[in-house]
Novice: 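The structure under discussion is supplied below as structure tokens; questions concerning it will follow.
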Amino acid sequence: AKAVDGVIVQPGGQFDLNGHVGERTTDKGYVPAPQIFEGEIVDAVGGGVSQFATTLFNSMFFGCYEDIEHKAHSRYFSRYPEGREATVSWGGPELIFKNDTDALLIIKTAFTSRSITVKMFGNTNGRECTAGLGDRYGYRDPQIEFEADDSIPPGTEVQDRAGGRGWSIDFFRYVAYDDGREETQSWTHRYLPTPTIVLKHPCDLDDAPTPCLIKIPDVVGMKPGKATATLQTWTFEVVKETVPVTDESQDGRVISQSPGAGLGHARGATVTIQVGEFTEEPGDPGADLL
């Protein structure tokens, strides 16, 4: 917003947001924020500038200036007007519009911690613009994408995020001229579906490494039934041994396991658990005499 505040666009001239602001870098004060990169939402320096781009585009839209180039987000975000939005990134997409009037155009911006404002001052010769939106059509169902998570037991799947359908939408700009003429301009945008994200153990993915090792869970302190079920859930075979213990709190509990927790082993590896069986220590034969 600071970089654009006070920009003057000459009559017949164009304003190119990327061309004016330049690459967003940390040296210029930009910080990492979410952006869409190859279909994924990731943090990148300069991410988040689409909030400003969308505000600038709407100011241009209702100011009746000529749209040269813009692109909506590939996926729908409810915080933006459907269809009537713009995203930018260094190297493209671009946001470019033309001052198709005989008067200077001055762009002023303002911001708070929670808002962006863009104002345009000029003379559009009495043109007034309003917006219209068509119905959604061409729905597309979301695909399922699998992501690795080694906290998920092998052979199981956990839905992390529900997907959403994609669709196409037409939006319109109705231009009313002071001589009574009217014009309808239209754009079409196609939103991609948001995929359903399902988590699986890395060994269950198609590109799993060979051999693929599974971390042995920690079952020390569990009762043997729960310990056995836990290890079997993680594909391990269980051998149980009973060992005497003098600590009553260890009676009927797993006191050790081999191999230890956290070590990686192949599916079906054997884990030996030792279960405590409380045994009282022999009494002191001279105790009664003391």
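Below, all heavy atoms of this structure are taken into account, side chains as well, without hydrogens, waters or symmetry copies. Just so it is clear, the structure is predicted and the values come from calculations on it, not from any experiment.
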Novice: When you compare the side chain of Phe121 with that of Leu105, does any pair of heavy atoms fall below 4.5 Å?
Specialist: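 Contact flag for Leu105/Phe121 side chains = no.
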Novice: Indicate, with yes or no, if Val238 and Ile255 share a hydrophobic cluster defined by side-chain heavy-atom contacts under 4.5 Å among Ile, Leu, Val, Met, Phe, Trp and Tyr.
Specialist: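 No, it is not one cluster - the side chains of Ile255 and Val238 are not joined through contacts under 4.5 Å.
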Novice: Would a single hydrophobic cluster contain both Phe57 and Val49, if residues Ile, Leu, Val, Met, Phe, Trp and Tyr are joined by side-chain heavy-atom contacts under 4.5 Å?
Specialist: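 Yes; tracing contacts between hydrophobic side chains, which count when under 4.5 Å, links both residues.
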Novice: Could you give the distance from CG (Asn58) to CD (Glu85), rounded to the nearest 0.5 Å?
Specialist: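 Here the interatomic distance stands at 9.5 Å.
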Novice: State whether Tyr76 and Arg136 meet the cation-pi test: NZ (Lys) or CZ (Arg) under 6.0 Å from the six-membered ring centroid, and within 45° of the perpendicular axis.
Specialist: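 Ring-cation test returns yes.
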Novice: Decide whether Thr25 and Asp27 meet the rule of one side-chain donor and one side-chain acceptor closer than 3.5 Å.
Specialist: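 No - no donor-acceptor pair under 3.5 Å links their side chains.
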Novice: Just to verify, what does His265 make a ring pair (Phe, Tyr, Trp, His ring centres under 6.0 Å) with, not counting sequence neighbours?
Specialist: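 Checked His265 against ring pair (Phe, Tyr, Trp, His ring centres under 6.0 Å); zero matches.
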Novice: Return the CD to SG distance between Glu128 and Cys64, rounded to the nearest 0.5 Å.
Specialist: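 One finds 7.5 Å between CD of Glu128 and SG of Cys64.
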Novice: Kindly indicate whether a cation-pi arrangement holds for Arg84 with Phe61, taking the cut-offs as under 6.0 Å to the six-membered ring centre and within 45° of the axis.
Specialist: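 Judged by the rule (NZ or CZ under 6.0 Å from the ring centre, within 45° of its axis), Arg84 counts as positioned above Phe61.
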Novice: So, are Asp179 and Arg181 salt-bridged, with charged N and O less than 4.0 Å apart?
Specialist: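 Arg181 and Asp179: salt-bridged.
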Novice: Between SG of Cys203 and CD1 of Ile152, what distance do you get to the nearest 0.5 Å?
Specialist: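 With rounding to 0.5 Å, SG (Cys203) is 13.0 Å from CD1 (Ile152).
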Novice: Determine whether the aromatic ring centres of His189 and Phe171 lie less than 6.0 Å apart.
Specialist: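 Ring centroids of His189 and Phe171 are no less than 6.0 Å from each other.
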Novice: In the structure I gave you, are the side-chain heavy atoms of Phe146 and Asp206 within less than 4.5 Å of one another anywhere?
Specialist: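 In short, these two side chains do not touch, never coming nearer than 4.5 Å.
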Novice: First locate atom CG of Leu199, then atom CG of Asp149, and finally report the distance between them rounded to the nearest 0.5 Å.
Specialist: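 Nearest 0.5 Å value for the CG-CG distance: 5.0 Å.
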Novice: Would you call Gln14 and Val9 a side-chain contact if the rule is heavy atoms closer than 4.5 Å?
Specialist: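 Of all side-chain heavy-atom pairs linking Val9 with Gln14, none is under 4.5 Å.
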Novice: Under the rule for side-chain contact (heavy atoms from CB on, under 4.5 Å), what residues qualify as partners of Phe111, not counting sequence neighbours?
Specialist: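 Per chain and number, Phe111 pairs via side-chain contact (heavy atoms from CB on, under 4.5 Å) with Ala1, Lys2, Ile116.
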Novice: Report yes if some heavy atom in the side chain of Trp234 is under 4.5 Å from a heavy atom in the side chain of Ile216; otherwise report no.
Specialist: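 Side chain of Trp234 against side chain of Ile216, heavy atoms only: no contact under 4.5 Å found.
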Novice: Look at the side chain of Ser50 and the backbone N and O of Ala53, then say whether any donor-acceptor pair between them is shorter than 3.5 Å.
Specialist: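 No, because the side chain of Ser50 does not come within donor-acceptor range (under 3.5 Å) of the backbone of Ala53.
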Novice: Would you say Glu237 and Thr270 are linked by a side-chain donor-acceptor pair, where the criterion is simply a distance under 3.5 Å?
Specialist: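 No - no donor-acceptor pair under 3.5 Å links their side chains.
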Novice: Using a strict threshold of under 4.0 Å (side-chain N to carboxylate O), is an ion pair present between Arg267 and Asp204?
Specialist: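 Yes.
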Novice: Any side-chain heavy-atom pair from Phe52 and Val4 closer than 4.5 angstrom?
Specialist: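 They are in side-chain contact.
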Novice: Let me check something: do Leu17 and Val7 share a hydrophobic cluster, defined by ILVMFWY side-chain heavy atoms less than 4.5 Å apart, either directly or through other members?
Specialist: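 Yes, it is one cluster - the side chains of Leu17 and Val7 are joined through contacts under 4.5 Å.
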Novice: Please answer whether the main-chain N or O of Phe278 pairs with a side-chain N or O of Asp251 as donor and acceptor at a distance below 3.5 Å.
Specialist: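 Side chain of Asp251 to backbone of Phe278, a donor-acceptor pair under 3.5 Å: yes, one is there.
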Novice: Ring-plane angle category for His20 and Phe15, please: parallel below 30°, perpendicular beyond 60°, tilted otherwise.
Specialist: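 The arrangement is tilted - the two ring planes meet at 30° to 60°.
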Novice: Give a yes-or-no answer on whether the side chains of Thr188 and Asp170 include a donor-acceptor pair shorter than 3.5 Å.
Specialist: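 Asp170 and Thr188 do have a side-chain donor-acceptor pair below 3.5 Å.
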Novice: Please name the residue in the list Glu182, Glu183, Arg127 that meets the side-chain hydrogen bond (donor to acceptor under 3.5 Å, both in side chains) test with Tyr177.
Specialist: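 Among Glu182, Glu183, Arg127, the one meeting side-chain hydrogen bond (donor to acceptor under 3.5 Å, both in side chains) with Tyr177 is Glu183.
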Novice: Using modelled atom types only, decide if a donor and an acceptor are shared between the side chain of Gln257 and the backbone of Pro217 within a distance under 3.5 Å.
Specialist: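 It does hold such a pair.
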Novice: For Arg190 and Ser168, indicate whether the former's side chain and the latter's backbone hold a donor-acceptor pair under 3.5 Å.
Specialist: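 No, because the side chain of Arg190 does not come within donor-acceptor range (under 3.5 Å) of the backbone of Ser168.
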Novice: Kindly compute the distance separating CG (Leu213) from CG (Asp150), expressed to the nearest 0.5 Å.
Specialist: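 Answer for the CG-CG pair, Leu213 versus Asp150, is 12.0 Å.
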Novice: Got Val88 and Pro93 here, is their nearest side-chain heavy-atom distance under 4.5 Å?
Specialist: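 Of all side-chain heavy-atom pairs linking Pro93 with Val88, none is under 4.5 Å.
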Novice: Hey, are the side chains of Thr228 and Lys240 touching, using non-hydrogen atoms and a 4.5 Å cut-off?
Specialist: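 Counting from C-beta outward, Thr228 and Lys240 never come under 4.5 Å.
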Novice: Regarding Thr233 and Thr230, do their side chains bring together a donor and an acceptor under 3.5 Å, going by distance alone?
Specialist: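 Result is no, nothing qualifies.
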Novice: Are the side chains of Val243 and Glu277 in touch, meaning some heavy atoms are under 4.5 Å apart?
Specialist: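 With C-beta onward as the side chain, the pair stays apart.
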Novice: Met60, Val175: one ILVMFWY side-chain cluster at the under-4.5 Å cut-off?
Specialist: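 Different hydrophobic clusters.
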Novice: Verify, without hydrogens or angle tests, whether Thr54 (side chain) and Gln51 (backbone) share a donor-acceptor contact under 3.5 angstrom.
Specialist: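 Such a contact is absent between Thr54 side chain and Gln51 backbone.
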Novice: Check salt bridge (Lys or Arg N to Asp or Glu O under 4.0 Å) between Lys200 and all other residues, then give those that pass, not counting sequence neighbours.
Specialist: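 Applying salt bridge (Lys or Arg N to Asp or Glu O under 4.0 Å) to Lys200 gives Glu157.
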Novice: So is Arg165 actually on top of Tyr139's ring, under 6.0 Å and inside 45° of the axis?
Specialist: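 Here Arg165 passes the 6.0 Å and 45° test against Tyr139.
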